[in-house]
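Along the sequence shown, the residues carry numbers beginning at 1. Please read all numbers here as calculations on a predicted model, not as lab measurements.
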Amino acid sequence: MRDIEQKLAQAEHEAEAAMQAFAAGYAKTAEHNFARVLDALRAHKISENHLSDSTGYGYGDVGRDTLEYVWADVLGAESCLMRQQIVSGTHAISLALLGNIRPGEELLYVGEPYDTLQKIIGLQGEAPGSLLEMGGKYRAIDVDFNNLDASMIVAAIEPQTKILAFQRSRGYMWRQALSLDELGRIIRAVKAAYPDIIIFVDNCYGEFVTEQEPLFVGADLIAGSLIKNPGGGIAPCGGYVAGKSDLVERAACRLTAPGIGAEVGCSLTAQRVFYQGLFMAPLAVQEALCGAEYTAAFCKAMGFPVLPEQGAVRSDIVESIQFGSPELLIAFCRGIQRYSPVDSYVQPEPWDMPGYTDQVIMASGSFVSGSSIELSADAPIRAPYIAYFQGGLNRYHAKLAVSRTFRDMAAAGLL
C-alpha cells in the first residue's frame, strides 16, 4: 500500500508541474480569444435591451438576432444561426449537412463519423429522415489522422460530391484531434482542385482552444453545441451553425421551414445567459485545457496511455485515457461522478444510449445537464476501454476529481 501511495504522490507532483509549465500558453490564447469576443460585443453595442426573452413566433427578437451577429464576428462567419431550439451538437451538424445536400449529391467524410452521426447518415438502424433515406449519397475516406495525405483526399472527390466533412475532435477514436494547421493545408489543396465544394467542419470541443476557428482557414460551414466550449458553462442549451450565408440559410430552413428560415424562434430562456456564456467561454476553455494537461501527466505517471500526451499541441479539450479493462474504465467514470458538484451520490451505469452502437457510461454531475465544458467523462464499453475526459470550469476541480478517483481505485485494490 505504501508503494501505491508513493506512486500517487509522485504522479500528483509531476502533474502539477506539467500543468504549471503550460498554463501561461493557455492563458495567452484565452486573452487573445477574449479580446475577440469583447470587441464583437462592443461593436454591436450590446445593452440590457438585448438580454431579455421573447414569446410566440419571436419576430423582431433583437437579442437573438444581435447575438447571432456577434457570434458570426467571433467565428469569422458571414452568417450564424445560434438558437435555443437546436438541442445538441448532433442536431446542429444534422441541420448543416441535411440542409445542404439534395437527392443524388454526396457527403464525403474524412475518417469515420462520430457514433451519433451514423444514424443521421442512415448507416445504423432505420431512423426516418436520414441522408440515405432522403436520396443522398455517402462515402468515407479511410485516413491516418497522424499523417493526412491531401492528395489522397483530393483524389477521393467525385463529381457528385457536394460536401467534404471533417470532425475536428476525436469522437470515440484513439487519435489526435485535427489541428487547424493541418485542416488549412488540406482545405487549400481541395479548393485548388474543387473550388465549389463545401468544406464542413464539426467544431464540437474545439472552440477557443486555439487563436483561430475553422472558418479562418478556409472552411465554409461549421457547427457546434452551446453546452460545450462556447457556452462557457453558463448557456443552458442550444447550438449553432455558422459560415457562408447561403449555407446557413439552408440550415435555418431545415430547422424551421422553407420560406421561414431564421425569421422565427423565440427566446424562452433570457438571452443574458447566452451573452454571458460567450463572454466567459475563453476563460472556461483555458481552465479545461489546464485540467486536461494535469490529467494527461497524472495518468501517464500512473502507467496508463494517454492522448494527447502532456505538452502536445491541443486542438480540442478532450483527454483520452486508455484503461485496458472495463472494470478500471467504469471505476474511473464513477469516480468523476462522485467528485462532481451535482448528483455526486449517483453511480453511473453503462446503458444503451440513443444514437450509439455500444453501451456508453457517462459521468456528468453538472449544473447544466449533459454539459461537456463542465467536468465530465464518458466512454463506450468496448476494447481497449478508453475514457474521454473533458471540461472543468476550473482546473482545481479536474485536479481533485482525478487524484481522488485514483486514490479510491487504489483503495479498492484496482491499481
Side-chain angles (χ1 to χ4, degrees), residues 75-77 89-90 92-101 105-118 120-121 123 131 136-158 161-210 212-225 228-230 239-244 247-248 251 307-308 313-318:
L75 295 171
T90 297
I93 295 164
S94 174
L95 296 173
L97 298 178
L98 299 182
N100 283 284
I101 292 185
E105 295 176 336
E106 181 183 68
L107 168 65
L108 180 61
Y109 234 92
V110 178
E112 183 180 354
Y114 185 65
D115 295 52
T116 56
L117 298 187
Q118 304 276 337
I120 289 172
I121 294 167
L123 302 176
L131 172 71
K137 298 181 181 297
Y138 165 78
R139 281 185 300 131
I141 310 171
D142 186 15
V143 297
D144 176 3
F145 278 95
N146 296 316
N147 186 27
L148 282 175
D149 185 340
S151 61
M152 183 183 75
I153 294 172
V154 171
I157 297 171
E158 296 183 354
T161 306
K162 179 67 173 295
I163 296 179
L164 179 66
F166 296 85
Q167 181 177 298
R168 184 174 176 182
S169 191
R170 69 209 61 199
Y172 283 159
M173 290 181 280
W174 185 257
R175 70 163 176 88
Q176 295 283 8
L178 180 59
S179 76
L180 292 188
D181 287 344
E182 280 288 272
L183 181 63
R185 179 178 65 84
I186 300 298
I187 290 174
R188 289 190 293 273
V190 169
K191 288 289 189 177
Y194 297 94
D196 295 329
I197 198 169
I198 299 169
I199 304 293
F200 168 77
V201 179
D202 169 359
N203 204 30
C204 289
Y205 300 104
E207 298 92 347
F208 300 123
V209 172
T210 66
Q212 293 186 309
E213 299 296 335
L215 297 173
F216 292 22
V217 298
D220 300 302
L221 193 64
I222 62 176
S225 166
K228 295 184 173 68
N229 301 22
Y240 73 89
V241 179
K244 292 186 175 178
L247 307 180
V248 174
L307 197 68
V313 174
R314 294 180 181 271
S315 295
D316 67 1
I317 63 169
V318 181

When you look at Leu247 and Asp220, which way does the side chain to side chain contact (heavy atoms under 4.5 Å, CB included) test go after all the steps? CA-CA 8 Å; Leu247 307 180; Asp220 300 302; 3.9 Å; yes
How far apart are the C-alpha atoms of Ile187 and Val190, what are their side-chain angles, what is the distance that settles it, and do they pass the side chain to side chain contact (heavy atoms under 4.5 Å, CB included) test? CA-CA 5 Å; Ile187 290 174; Val190 169; 5.7 Å; no
Could you walk me through whether Val143 and Met152 pass side chain to side chain contact (heavy atoms under 4.5 Å, CB included), step by step? CA-CA 9 Å; Val143 297; Met152 183 183 75; 3.5 Å; yes
Where do Ile199 and Leu221 land on the side chain to side chain contact (heavy atoms under 4.5 Å, CB included) test, with the steps shown first? CA-CA 6 Å; Ile199 304 293; Leu221 193 64; over 6 Å; no
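For the side-chain hydrogen bond (donor to acceptor under 3.5 Å, both in side chains) test, residues two or more places apart in sequence or in another chain that qualify with Glu105 are Lys162. With sequence neighbours left out, the side chain to side chain contact (heavy atoms under 4.5 Å, CB included) criterion links Ala189 to Ala150, Val154. Shown here are the ring-ring contact (aromatic ring centres under 6.0 Å, His included) partners of Phe166, two or more places apart in sequence or in another chain: there are none. For Ser315, there are no side-chain hydrogen bond (donor to acceptor under 3.5 Å, both in side chains) partners, not counting sequence neighbours. For Arg314, the salt bridge (Lys or Arg N to Asp or Glu O under 4.0 Å) partners are Glu293, Glu319, not counting sequence neighbours. Under the rule for a ring-ring contact (aromatic ring centres under 6.0 Å, His included), Tyr109 has no partner lying at least two apart in sequence or in another chain. Partners of Ser179 according to the side-chain hydrogen bond (donor to acceptor under 3.5 Å, both in side chains) rule, which considers only residues two or more places apart in sequence or in another chain, do not exist here. With sequence neighbours left out, Lys137 forms a side-chain hydrogen bond (donor to acceptor under 3.5 Å, both in side chains) with no residue at all. Residues satisfying the side chain to side chain contact (heavy atoms under 4.5 Å, CB included) criterion with Ala242, sequence neighbours excluded, are Leu75, Ala77, Cys80, Leu215, Ile222, Tyr240.
Applying the salt bridge (Lys or Arg N to Asp or Glu O under 4.0 Å) definition to pairs two or more places apart or across chains, none involves residues 192-209. Sorted by first and then second residue, the pairs that involve residues 181-190 and meet salt bridge (Lys or Arg N to Asp or Glu O under 4.0 Å), not counting sequence neighbours, are Glu182-Arg185. Note on residues 175-200: no pairs pass ring-ring contact (aromatic ring centres under 6.0 Å, His included), not counting sequence neighbours.
Counting heavy atoms from C-beta outward, Ile163 and Leu108 have side chains that stay 4.5 Å or more apart. Residues Arg168 and Pro214 meet the side-chain proximity criterion, which asks for heavy atoms closer than 4.5 Å. Residues Ile120 and Ile93 are not in side-chain contact: their nearest non-hydrogen atoms beyond the backbone lie 4.5 Å or more apart. No side-chain heavy atom of Thr210 sits less than 4.5 Å from a side-chain heavy atom of Val313.
Minimum interatomic distance between Lys228 and Cys204 (heavy atoms only, all atoms of both residues): CD-CB, 4.0 Å. Annotation for Met173 and Glu112: closest pair CE-O, 3.4 Å, computed over non-hydrogen atoms. The two residues Gly224 and Ala92 make their nearest non-hydrogen contact at O-CB, 3.6 Å. The shortest non-hydrogen separation linking Ala219 to Val201 is CB-CG2, 3.9 Å. Between Arg175 and Gln167, the shortest heavy-atom distance links the atoms NH2-O, 2.9 Å. The shortest non-hydrogen separation linking Ser169 to Val318 is OG-CG2, 3.8 Å.
In this structure, the separation between CG on Leu98 and CG on Leu95 is 8.0 Å, given to the nearest 0.5 Å. Remark: Leu123 CG to Tyr138 OH distance equals 5.5 Å, nearest 0.5 Å. Atoms CD1 and CG, from Ile153 and Leu164 in turn, are 7.0 Å apart once rounded to the nearest 0.5 Å.
No option in Ile198, Ile121, Thr161 other than Ile121 meets the side-chain contact (heavy atoms from CB on, under 4.5 Å) test with Leu107.
Side-chain atoms of Asn146 and Gln176 form no donor-acceptor pair, as typed in the model, at a separation below 3.5 Å.
Open room surrounds CG on Asp142; 12 or fewer heavy atoms of other groups in view lie less than 6.0 Å from it.
A salt bridge links Arg170 with Asp316; the closest basic N to acidic carboxylate O contact falls under 4.0 Å.
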